Each structure stands twice: as structure tokens, then as C-alpha cells.
Amino acid sequence: MFRRSSGLPSFFVSLLFVVGFASSASADTYQTYVTPTVNGYQIGTYLPNQPTGNFSSAADTARRFCQDQGHSGAQSFTTAIRGSAFSFIVGTNGVGNWGTTGNSNVTMLETVTCFTSNSGVTYTTPAVNGYQIGTYLPNQPTGNFSSAADTARRFCQDQGHSGAQSFTTAIRGSAFSFIVGTNGVGNWGTTGNSNVTMLETITCFDATVLTYTTPTVNGYQVGTVQPNFPSGNYSTPAATARRFCQDQGHINVSSFTTAIRGSAYSFIVGTNGVGNWGTTGNSNVTMLETVTCITQ
């Protein structure tokens, strides 16, 4: 049922020559935290209740949790939607103090798997077309832009790596290169603005990957109602791709490509990649054209 490009895995070598120096990456090792807690409460995020505002996404929360444990970043995580008291990051992009609150219909992080070996390649003040990279956040919390996490992942992939292991940010005014599009898909453009998120460092990792072309579930290519429904009870393309990979028995998603068109498609009935697969049809929806999964 599932089609793989060329029928064979795509491999990235672990010896990479980057900006004048060589970095030999050893095999990554991981540690998984079940019901991860901070200050005695399981960690979570306001999503899907508060899709915009001064909060951190599940991915940013997982990464920050791992870094607080002394690890280099988050390799993967799982979530559940429920009402609970939880610890959350008071700030965007995983930057800020940990606070505690309680709410209904929030995203709880059930497990977080952290990198325990720092085998990646780190870029300091990463640049594209001569300008350090960044994103409009926190100025433009919605719209046709990519998050810091998507920007870091795309940068690493453009350098020939599998994905971004971790990154650090700073808020300031600057000219910067950014991705003209959502989910890390689009051309690199250059602009200048005040109070934007600049990526100060990015650590990229390399892994064995497998690419699925026109990935399908229950006989239909997978997709999401975006961009028609920017908020609501649905999963983003990134969450859909991650869930697809995990359903195939892989560790996580490395990358994906998308196309906007009308089609019948399979989608996740729920947020953050949690829920059953359903099938529907719509115009102007985001179809996942390829999904590249991390196999080890």
C-alpha cells in the first residue's frame, strides 16, 4: 500500500565537511522520559486552546525540557489532549521560565525522547545568501511564514543533514534571511524588521532515512485541511508527517514536502498528530507529497 521512492532507503553519510572543517558524527543515543515533569507537574502547552500568543509549541517545550536535563535536544515526543494541571514555558520558542497552570483541552507531553550524545554539527550565526537566518516571530504569530523550528530544520537539510537536533535564538532587530512559506517549504528571502527571532546557533544531525512518495493511509494520500483552517481540531503538516512515520514503525520525521490542491485525502481527526485517521475531500488543501522518516 505504501510507496517508497525508488523502493530503497535514502542514506546520509555521517562524515560531513562543513564550512572548512570536518565533523565525524558517532551514532546517536537517546533517553526517553515518560510523563516528563517540571516542578512536580507534567509538562504541556496551551495548544490547541491558544493557537497564538505568548506560549511555546509542543516541539519547543520538548526541546527545552531535554536541554534542561543536560541533553542537546529532543529527538521525538508524543502527546495527548486532556484537561490537567501542567507546567509550561512562559514565553515563545522555548525561552522563558517554567510556570504552572491548569486548563481543559490542553496538549500534554506524554513522552519525550532526548538526544544523549552530542554528535551533531553546530553552525554559529547560520547564514543564507549572506544574512543570518531568522523568522518574523514573535511579530507575526500567524501567516505565511515558518517557525524557528521549521527554519532550523530546513537550514540543516539545505546543508545536506537529516534535520535539526537543537538551536538557540535571540530576539532583536536585524536584517535576516527567512523562508517565504510555511512549514519550512519555500524560497529563502531577505528582509529587515525589529523584534524578530534570530537563530544564533543550529546543531544538525545525520541519520539513516527512508522517503515515502505520495504517502497513503487507507488507500488515500495523506494531507491536512491547512491552509483553509488555520486553527481548530486538526493536525498540522508537520504533526501529520511525524505521525505517519511513527505509524510505519520509524523513530520520527526528518522532512516532508507539500502541495496545495483539491483532493480526497486521509487526515488525522485530532490535533498534534493524535487521533484516528479519517478520509475527506476538499479544495485548496495541503497534501503531503513526500515524507522522509528517520529509521535509526
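Remember, predicted model here, so these are calculated numbers, not experimental data. By convention here, the first residue in the shown sequence is residue 1.
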K.L.:
Does any N or O in the side chain of Thr37 come within less than 3.5 Å of the main-chain N or O of Gly40, such that one atom is a donor and the other an acceptor?
P.N.:
no
K.L.:
Kindly write out the residues that satisfy side chain to side chain donor-acceptor pair (under 3.5 Å) with Ser177, not counting sequence neighbours, or none if the list is empty.
P.N.:
none
K.L.:
Side chains of Thr224 and Tyr234: does their closest heavy-atom pair fall under 4.5 Å?
P.N.:
yes
K.L.:
Measure the spacing between OG1 of Thr190 and CD of Gln132 and express it to the nearest 0.5 Å.
P.N.:
12.5 Å
K.L.:
Strictly by salt bridge (Lys or Arg N to Asp or Glu O under 4.0 Å), give each pair with a member in residues 155-181 just once, sequence neighbours left out.
P.N.:
Arg154-Asp158, Arg172-Glu200
K.L.:
With rounding to the nearest 0.5 Å, note down the distance linking CG in Asn218 to OG1 in Thr216.
P.N.:
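Atom-to-atom, Asn218:CG and Thr216:OG1 are 8.5 Å apart.
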K.L.:
At their closest point, which heavy atom of Gly91 faces which heavy atom of Ser56, and how far apart are they?
P.N.:
O-OG, 2.5 Å
K.L.:
Heavy-atom distance under 4.5 Å between the side chains of Phe267 and Val222, does that happen here?
P.N.:
no
K.L.:
Val185: which other cluster members, linking ILVMFWY side chains closer than 4.5 Å, directly or transitively?
P.N.:
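ILVMFWY cluster around Val185 holds nothing else.
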K.L.:
Could you list the cluster mates of Val38? Members are the ILVMFWY residues connected by side-chain heavy atoms closer than 4.5 Å, either directly or through other members.
P.N.:
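The other cluster members (ILVMFWY side chains, heavy atoms under 4.5 Å, direct or chained) are Tyr33, Ile43, Phe65, Phe77, Ile89, Trp98, Leu109, Val112.
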K.L.:
Can you pull out every disulfide bond (SG atoms under 2.5 Å apart) where at least one residue sits in residues 236-266? Sequence neighbours excluded, please.
P.N.:
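Non-adjacent pairs meeting disulfide bond (SG atoms under 2.5 Å apart): Cys245-Cys293.
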K.L.:
Tell me, which pairs form a salt bridge (Lys or Arg N to Asp or Glu O under 4.0 Å) where one or both residues lie in residues 267-278, sequence neighbours left out?
P.N.:
none
K.L.:
Taking the six-membered ring for Trp, is the centroid-to-centroid distance between Tyr46 and Phe88 below 6.0 Å?
P.N.:
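Ring-ring flag for Tyr46/Phe88: true, centres closer than 6.0 Å.
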K.L.:
Looking at every heavy atom in both Ser166 and Gly73, which two are closest together, and how far apart are they?
P.N.:
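In this case the closest contact between Ser166 and Gly73 is CB-CA, 4.1 Å.
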K.L.:
Just by distance, with hydrogens left out, do Gln75 and Gln165 show a side-chain donor and acceptor under 3.5 Å apart?
P.N.:
no
K.L.:
Does any part of the side chain of Glu289, heavy atoms only, come nearer than 4.5 Å to the side chain of Tyr212, both counted from C-beta?
P.N.:
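Side-chain contact under 4.5 Å: no.
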K.L.:
Kindly compute the distance separating CD (Gln31) from SG (Cys114), expressed to the nearest 0.5 Å.
P.N.:
7.0 Å
K.L.:
Without hydrogens or angle criteria, can the side chains of Thr122 and Thr203 be said to hold a donor-acceptor pair below 3.5 Å?
P.N.:
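Checked: Thr122/Thr203 side chains pair up, N/O donor to acceptor below 3.5 Å.
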K.L.:
If we only count heavy atoms from C-beta on, is the Phe86 to Met108 side-chain gap below 4.5 Å?
P.N.:
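A side-chain contact exists here, since the closest heavy-atom pair is under 4.5 Å.
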K.L.:
Do Thr78 and Thr111 have side-chain atoms, one donor and one acceptor, less than 3.5 Å apart?
P.N.:
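There is such a pair (donor and acceptor under 3.5 Å, judged by atom type) between the side chains of Thr78 and Thr111.
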